[in-house]
Amino acid sequence: MIALAVLGLTVPVQLIACVFGFLARDPVAGTGMGLLAGTWAAVGLVTVQSPPGADSAALGVVLIAAGAAVVVPALAGRAKTVAATVMALSAVRFAVTGLAELTGASGWQSAAGWIGVLLAVVSWYAALGFELEAQNTGGVPLWRRGSAATAMDGNAAAQFTELAREPGVRRQL
């Protein structure tokens, strides 16, 4: 049943976030959410078709590869400290869960579970912070740096100084 919940809720929501990330010209968010959606779809599909408690070497390989891939948006999004931390923890969680799937060792399974708990707490903090930020009510610190901080705190002129150099913006018509 959990696999169906992941396929029915998590995957579509993350796919929508992926699309909106790219539409907002944020390739870090778009790529990260797309990788998470695809990975959770793979986990859900394998889990639905496997007997309860079964390990899957193929899923282990997919999870390790996904963990390596999710490192890219985590590193690229360092200016958004909290979001990058969520991505980095997701990468670690996928890799450790992949090792648990490959080895079947209870130590890796326990480690993956505890990393999942930490990831849930950090993700909750991030969601709370982003929601409060969207309402302009202050709230919890998100430790944005560089252009990410300028996008939230800078004036309009500061936010648009680099717009002409972004990919997809023509120099001349």
Side-chain angles (χ1 to χ4, degrees), residues 1-22 24 26-133 139-146 148:
M1 294 304 274
I2 295 296
L4 293 176
V6 167
L7 289 169
L9 178 65
T10 305
V11 173
V13 169
Q14 287 182 328
L15 278 175
I16 291 168
C18 168
V19 169
F20 276 100
F22 284 117
D26 187 344
V28 171
T31 302
M33 290 295 105
L35 286 167
L36 291 175
T39 303
W40 281 114
V43 169
L45 290 171
V46 169
T47 303
V48 162
Q49 297 194 356
S50 299
D55 292 321
S56 168
L59 180 58
V61 171
V62 168
L63 286 169
I64 290 171
V70 173
V71 168
V72 174
L75 291 175
R78 292 185 317 269
K80 300 173 187 172
T81 306
V82 173
T85 302
V86 170
M87 283 288 141
L89 282 171
S90 296
V92 171
R93 173 66 158 59
F94 285 150
V96 172
T97 304
L99 290 170
E101 288 288 329
L102 284 171
T103 65
S106 63
W108 285 116
Q109 292 171 349
S110 294
W114 283 110
I115 294 167
V117 169
L118 176 62
L119 175 58
V121 170
V122 174
S123 296
W124 179 87
Y125 179 90
L128 174 65
F130 295 141
E131 284 298 319
L132 292 175
E133 183 180 74
V140 300
L142 295 174
W143 299 288
R144 294 177 187 269
R145 298 176 300 179

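The figures here come from the full heavy-atom set of this structure, side chains too, leaving out hydrogens, waters and symmetry mates. Just so we're clear, the structure is a prediction, and the values are computed from it rather than from any experiment.
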| task | Taking the side chain as every heavy atom from C-beta outward, state whether Leu59 and Leu102 have any atom pair closer than 4.5 Å. | result |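 Counting from C-beta outward, Leu59 and Leu102 never come under 4.5 Å.
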| field | Heavy-atom check, side chain of Val6 versus side chain of Val43, under 4.5 Å | value |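 SC-SC contact between Val6 and Val43 ruled out.
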| said: Considering only residues two or more places apart or on different chains, which pairs with a residue in residues 26-39 satisfy side-chain hydrogen bond (donor to acceptor under 3.5 Å, both in side chains)? | reply: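 Output for this query lists Asp26-Lys80.
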| Pairs flagged by side-chain hydrogen bond (donor to acceptor under 3.5 Å, both in side chains) wherever residues 44-61 is involved - sequence neighbours left out |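 Residue pairs with at least one partner in residues 44-61: there are none.
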The criterion is side chain to side chain contact (heavy atoms under 4.5 Å, CB included); which residues satisfy it with [X], sequence neighbours excluded?
| X | value |
| --- | --- |
| Ser90 | Leu36, Val70, Val86, Leu119 |
| Ala100 | Trp108, Gln109 |
| Leu118 | Leu89, Val122 |

Straight-line distance of [X] [atom1] to [Y] [atom2], nearest 0.5 Å:
| X | Y | atom1 | atom2 | value |
| --- | --- | --- | --- | --- |
| Met87 | Leu75 | CE | CG | 12.0 Å |
| Ser110 | Ile115 | OG | CD1 | 10.5 Å |
| Phe22 | Met33 | CZ | CE | 11.0 Å |
| Trp40 | Leu9 | CH2 | CG | 12.0 Å |
| Gln14 | Leu35 | CD | CG | 10.0 Å |

Minimum heavy-atom distance between [X] and [Y], given as atom pair plus value:
| X | Y | answer |
| --- | --- | --- |
| Pro73 | Gly32 | CG-CA, 3.8 Å |
| Ala42 | Val62 | CB-CG1, 4.2 Å |
| Ala88 | Ala74 | N-CB, 3.7 Å |
| Ala112 | Thr97 | CB-OG1, 3.4 Å |
| Phe94 | Ala66 | CD1-CB, 4.3 Å |
| Ala3 | Val48 | CB-CG2, 3.4 Å |

| message | Does Phe20 form a side-chain contact (heavy atoms from CB on, under 4.5 Å) with Ile16? I'd like the steps, not just the answer. | response | CA-CA 6 Å; Phe20 276 100; Ile16 291 168; 3.6 Å; yes
| field | Pairwise salt bridge (charged side-chain N to carboxylate O under 4.0 Å, His left out) hits with a residue in residues 110-121, at least two apart | value |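 As it turns out, there is no salt bridge (charged side-chain N to carboxylate O under 4.0 Å, His left out) pair with a partner in residues 110-121 once direct neighbours are skipped.
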